[in-house]
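Read through the structure below, which is laid out as structure tokens, and then see the notes.
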Amino acid sequence: MADEHPTHPDLQTLRARIDSVDRDLLSLLNHRAALAQAVGELKKKEGSVVFRPEREAQVIDGLKSVNLGPLKNENVAPIWREIMSACRALETPTRVAYLGPAGTFSELAALGFFGSSIVKVPCASIDEVFRTTSAGAADFGVVPVENSTEGVVARSLDLFLTTPLFIIGETSLFVRHNLLRRENTLDDIEAVCAHPQALAQCHMWLSNHLPNVERRPVSSNAEGARLASENPKLAGIASERAASEYGLHVIAPAIQDDPHNRTRFAIVTHPERHPQPQASGHDCTSLVVSVVNRPGAVHDMLVPLKQHGVSMSRFESRPARSGQWEYYFYIDLQGHPDEPKVAAALKELRGVCAYFKLLGTYPIDVH
Ligand SMILES: C=C(O[C@@H]1C=C(C(=O)O)C=C[C@H]1O)C(=O)O
């Protein structure tokens with residue numbers, strides 16, 4: 001039918017225009033992909049790495065600053081992450097290790113950070129993510145480091161100390177826990193199987209609704225969902241993605257005690273296979289230090305940061321397990337070691353610390 005109201009085009013006309021825009025977009029995306037392929041060739045000649053987190057952060061930041069809408073800025077980042085993921089895959093495959101099996105929040109974090117054009121390497125534990133990445137069976141590892149309800153993920157922090165891996169990126173995820181089961185009822189549950197962090201994050205809900213049911217810690221939430229798919233007496237706590245992956249009902253949605261529950265993940269790699277990211281303009285530097293156990297030592301450690309005007313966004317302590325009430329301090333600084341004030345603060349800090357290890361420097365998570 002002809003368009004009777006040229007200023008108010010009908011559905012068919014609008015869809016025809018969308019089809020035409022999509023074809024233009026596809027052709028432009030292919031043009032972009034060919035350019036990325038050419039970049040890949042250059043990198044191969046130079047022997048340099050393909051994935052450049054600082055460049056990807058700048059691409060997204062740059063687009064957000066010129067976006068006129070109606071597309072929302074918060075949608076720009078995920079769209080371009082996917083585009084860059086597909087372009088990157090034309091240069092080389094990216095193998096990413098994370099705490100599996102399929103359907104874990106770690107998998108969602110990996111897909112959110114690298115996009116879906118990756119080779120997935122699901123691992124049985126956080127230790128295995130570190131081992132697999134250290135050994136080179138994966139290019140990158142994705143590990144949880146802290147949760148807004150439960151605090152630090154101790155195992156990851158401990159492994160940062162003892163492995164050569166360093167951090168090249170961060171990403172955070174809104175974590176919504178659901179109670180999953182084969183039977184669509186809360187009756188007759190023998191045990192709720194989930195990762196200890198998830199059990200802790202749902203502590204209040206479980207105490208109120210299933211006070212007498214065993215809470216059984218397992219290696220991951222997806223593993224809990226898998227067990228629940230095999231045994232109708234068991235329930236799991238996991239994502240909606242895990243529910244569909246394992247054919248389970250969501251018998252209670254969003255059962256986490258904190259409605260704004262978020263988990264932050266670090267992206268790690270081996271320094272021999274990947275250089276430290278260059279400055280992107282919005283960077284974070286993570287380190288772990290310890291000082292001798294004497295009055296004022298922690299204060300002295302923070303003086304160089306104050307003097308050089310470097311802000312600290314995180315300060316976390318973990319026992320050093322020496323039996324001497326000694327601690328490791330995990331510190332996040334704003335900035336990149338290429339900035340003179342950050343370099344000066346780090347140099348002085350290194351001088352006053354008994355132990356000093358740079359864990360990495362990377363672009364701050366862009367949403
Ligand atoms: C194309 C490049 O390689 C990769 C892909 C990017 C992209 O698609 O824009 C950006 C950075 C790299 O991770 C590049 O380095 O410019």
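Atoms within a ligand are numbered from 1 in the order they appear, just like the ligands themselves. Given the structure is predicted, the values throughout are model-derived calculations rather than measurements.
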| field | Close-contact set for ligand 1 against Glu91 heavy atoms, below 4.0 Å | value | 1 (C), 2 (C), 3 (O), 4 (C), 5 (C)
| In this structure, which one of Tyr355, Phe356, Phe160 forms a ring pair (Phe, Tyr, Trp, His ring centres under 6.0 Å) with Tyr328? | Tyr355
| query | So does Asp158 pair up with Arg318, basic N to acidic O under 4.0 Å? | reply | yes
| note | Partner of Glu190 under salt bridge (charged side-chain N to carboxylate O under 4.0 Å, His left out), picked from Lys233, Arg216, Arg215, is Arg216
| query | Considering only heavy atoms of Phe51, which atoms of ligand 1 have at least one such atom less than 4.0 Å away? | reply | 13 (O)
| What is the nearest protein non-hydrogen atom to atom 6 (C) of ligand 1, stated with its residue, atom name and distance? | Glu56 OE2, 3.9 Å
| What residue and heavy atom of the protein are closest to atom 15 (O) of ligand 1, and at what distance? | Lys43 NZ, 2.7 Å
| Cationic N near anionic O, under 4.0 Å, Glu316 to Arg314 | yes
| said: Contact between Val291 and Asp300 at the side-chain level, heavy atoms closer than 4.5 Å - yes or no? | reply: no
| query | Which bit of Met84 is near ligand 1, meaning a heavy atom under 4.0 Å away: side chain, backbone, both or neither? | reply | both
| Which ligand 1 atoms are under 4.0 Å away from a heavy-atom of Cys87? | 8 (O)
| said: Please report whether the ring centroid of Phe114 lies less than 6.0 Å from that of Phe51. | reply: yes
| note | When distances are taken from atom 8 (O) of ligand 1, the protein heavy atom at minimum range is Arg32 NH1, 2.8 Å
| remark: min-distance protein heavy atom vs atom 12 (C) of ligand 1 -> Val50 O, 3.4 Å
